[in-house]
Amino acid sequence: MLAKIRERNMRRYTSLRYPDPLFAYCEYIGDDYEGDTAMIAADATTQKWWAVCGPMRYPLADRAAGVWWKTIEALFHID
C-alpha cells in the first residue's frame, strides 16, 4: 500500500486519530489527482486497509457533494 501511495504521487502522507475520527494529510505532486486517487482506491491492498480502518473513517458534513475527502487549505507551513 505504501508503494501504491508513492507511485500515485502522494508524499508526506500522515494518518492521525483523535479520538475516533481518522484524519489523513498528504501532499499531492502529480497532475491527475482524480486518476491517481482512483488507482489507489482500486488497489486490493488499499481496500483491505480501508476495511480495517472503516469504523474510524467518516466524511465531514461540509465536504463537496459526492466527495469522500474534504480538502482543507493550509494556514501555515514551514519546512
Side-chain angles (χ1 to χ4, degrees):
M1 190 177 104
L2 300 177
K4 183 61 68 177
I5 289 170
R6 181 165 289 284
E7 172 189 308
R8 304 317 311 175
N9 300 305
M10 303 285 180
R11 300 295 184 271
R12 297 179 184 241
Y13 195 101
T14 304
S15 293
L16 308 133
R17 182 178 174 201
Y18 179 82
D20 273 337
L22 186 66
F23 297 91
Y25 167 84
C26 75
E27 294 176 10
Y28 180 70
I29 62 167
D31 57 11
D32 182 12
Y33 181 79
E34 288 79 16
D36 283 334
T37 55
M39 293 294 290
I40 292 170
D43 178 63
T45 303
T46 299
Q47 291 176 15
K48 289 178 187 176
W49 176 248
W50 286 352
V52 171
C53 295
M56 295 177 281
R57 295 175 61 219
Y58 53 87
L60 297 175
D62 62 344
R63 73 197 186 284
V67 176
W68 179 265
W69 298 109
K70 176 180 176 64
T71 300
I72 301 171
E73 197 135 344
L75 297 177
F76 178 79
H77 177 83
I78 188 170
D79 283 325

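Separation of atoms CE (M39) and CD (E7) is listed at 6.5 Å; rounding is to 0.5 Å. If you take NZ on K4 and CG on L2, they are separated by 12.5 Å, rounding to the nearest 0.5 Å. Taking CG from N9 and CG from D32, the interatomic distance works out to 9.0 Å, rounded to the nearest 0.5 Å. Distance CG/D43 to CE/M1: 8.5 Å, rounded to 0.5 Å.
The 12-atom threshold is not exceeded at CH2 of W49, counting heavy atoms of other residues, nucleotides or ligands nearer than 6.0 Å.
No donor-acceptor pair closer than 3.5 Å links the side chain of R8 to the backbone N or O of T37. In this structure, R63 contributes its side chain and L60 its backbone to a donor-acceptor pair below 3.5 Å.
The side-chain heavy atoms of I5 and R11, taken from C-beta on, include no pair separated by under 4.5 Å.
In the hydrophobic cluster analysis, where Ile, Leu, Val, Met, Phe, Trp and Tyr join through side-chain heavy atoms closer than 4.5 angstrom, F23 is grouped apart from I40.
Y28 and Y33 get closest at one heavy-atom pair: OH-N, 3.1 Å. Between C26 and Y13, the shortest heavy-atom distance links the atoms CB-CD1, 3.5 Å.
One finds a salt bridge joining E27 and R12 here, because a Lys/Arg side-chain nitrogen approaches an Asp/Glu carboxylate oxygen to under 4.0 Å.
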Determine whether F76 and I78 satisfy the following criterion, side chain to side chain contact (heavy atoms under 4.5 Å, CB included), listing intermediate values before the conclusion.
CA-CA 7 Å; F76 178 79; I78 188 170; 4.0 Å; yes

